[in-house]
Amino acid sequence: QRFEFNSLIETPEIYTWTIKKDYFHFDMRYFNGYDFLTFLQIAGKSRLDSVCSILIDFILKNLDSSIMIKFPQEVFKEKTLETLQILSLRKDIDHQKLSAYFDYLLSFSSEVLFPAGYCHGDLTLSNLLVYKFEDKLMAIDFLDSFLDSPIQDYVKLRQDTQFFWSLLLYTGNIDVT
């Protein structure tokens, strides 16, 4: 799927790209703005509200333009089994709990309709840059998802706002109060 954005969320222009067997490289336009965590520390309330509205509107627009499909259980099951295979190799995980969690996930069945549509794929705060002097965003580091849905973007943002995922990647000083 193509990433759908609006005039308030842009993507950097790609100048050149190279694809080799296990290698992908591209050159893109330089962006002189703030990473999102720096922006959170320096912005006032009205600017924070404006940027949050841009993100909410983006997800709602993509939900509205989605098509409703039967939940793709086979795709979900394949991805779940792939993840289980990767995690089962780790020695720092309680494999009994892991097995119980994945048994539950694999038993999931639903006839609920599911929104399929545009998504960034990895819409975390660390993949958003903010213009210095405008209430606009630059989205970077897209990810092909096993299932294209705006729900994916909502979940990734919620992961960040509830569990502070991007803070784990940030090396700067942060006021967490």
* Hey, would you say the Phe36 and Phe39 ring centroids sit under 6.0 Å apart? -> yes
* Asked: Taking the six-membered ring for Trp, is the centroid-to-centroid distance between Phe26 and Tyr15 below 6.0 Å?
  ->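 No, ring centres 6.0 Å or more apart.
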Indicate the atoms forming the closest heavy-atom contact of [X] with [Y], along with that distance.
X      : Y      : answer
Met28  : Ile14  : CB-CD1, 3.7 Å
Ser149 : Pro115 : OG-O, 2.6 Å
Lys156 : Asp122 : CE-OD1, 3.0 Å
Arg90  : Asp92  : NH2-OD2, 2.6 Å

Under a 4.5 Å cut-off applied to non-hydrogen side-chain atoms, are [X] and [Y] in contact?
X      : Y      : result
Leu87  : Ile93  : yes
Leu98  : Leu84  : yes
Lys77  : Leu106 : yes
Lys132 : Tyr34  : yes
Thr83  : Phe102 : yes
Gln73  : Glu78  : no

* Does Lys45 come within less than 4.0 Å of Asp49, counting only side-chain N to carboxylate O? ->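 Here Lys45 pairs with Asp49 in a salt bridge, since their nearest N and O are under 4.0 Å apart.
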* Quiz item: cation-pi between Lys70 and Phe114, 6.0 Å / 45° ->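 Lys70 over Phe114 ring: no.
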* Return yes if a side-chain donor-acceptor contact under 3.5 Å exists between Asp35 and Thr38, otherwise no. => yes
* Asked: Regarding Arg47 and Ser50, is there a side-chain donor-to-acceptor distance under 3.5 Å anywhere?
  ->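 Absent: no donor and acceptor within the cut-off.
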* Qualifying residue, where the test is side chain to side chain contact (heavy atoms under 4.5 Å, CB included) with Leu128 and the options are Leu123, Ile54, Val51 -> Leu123
Between atom [atom1] of [X] and atom [atom2] of [Y], what is the distance when rounded to the nearest 0.5 Å?
X      : Y      : atom1 : atom2 : answer
Asn127 : Leu143 : CG    : CG    : 9.0 Å
Asp57  : Asn62  : CG    : CG    : 11.0 Å
Leu147 : Cys119 : CG    : SG    : 8.0 Å
Thr80  : Tyr101 : OG1   : OH    : 15.5 Å
Ile151 : Ile59  : CD1   : CD1   : 9.0 Å
Leu81  : Gln85  : CG    : CD    : 8.5 Å

* Would you please test Asp27 and His25 for side-chain contact (heavy atoms from CB on, under 4.5 Å) and show each step? => CA-CA 7 Å; Asp27 294 311; His25 170 82; 3.2 Å; yes
Backbone N/O of [Y] and side chain of [X]: donor-acceptor pair under 3.5 Å:
X      : Y      : value
Ser99  : His95  : no
His120 : Gln152 : no
Thr161 : Arg158 : yes
Asp160 : Ser166 : yes

Residue [X] excluded, over 12 heavy atoms near [atom1] under 6.0 Å:
X      : atom1 : result
Phe163 : CZ    : no
Phe31  : CZ    : yes
Phe108 : CZ    : yes

Mind checking whether [X] and [Y] sit in one hydrophobic cluster, side chains of I, L, V, M, F, W, Y counted as touching below 4.5 Å?
X      : Y      : answer
Leu113 : Phe76  : no
Tyr154 : Leu125 : yes
Val155 : Leu55  : yes
Leu157 : Leu8   : yes

* List the steps, then state whether side-chain contact (heavy atoms from CB on, under 4.5 Å) holds for Asp153 with Phe58. => CA-CA 10 Å; Asp153 288 342; Phe58 166 74; 3.8 Å; yes
* Is there a side-chain contact (heavy atoms from CB on, under 4.5 Å) between Ile140 and Thr11 once you walk through the steps? -> CA-CA 6 Å; Ile140 60 170; Thr11 56; over 6 Å; no
* Asked: Passes side-chain contact (heavy atoms from CB on, under 4.5 Å), Leu48 versus Leu40? Steps please.
  -> CA-CA 7 Å; Leu48 288 169; Leu40 287 174; 3.6 Å; yes
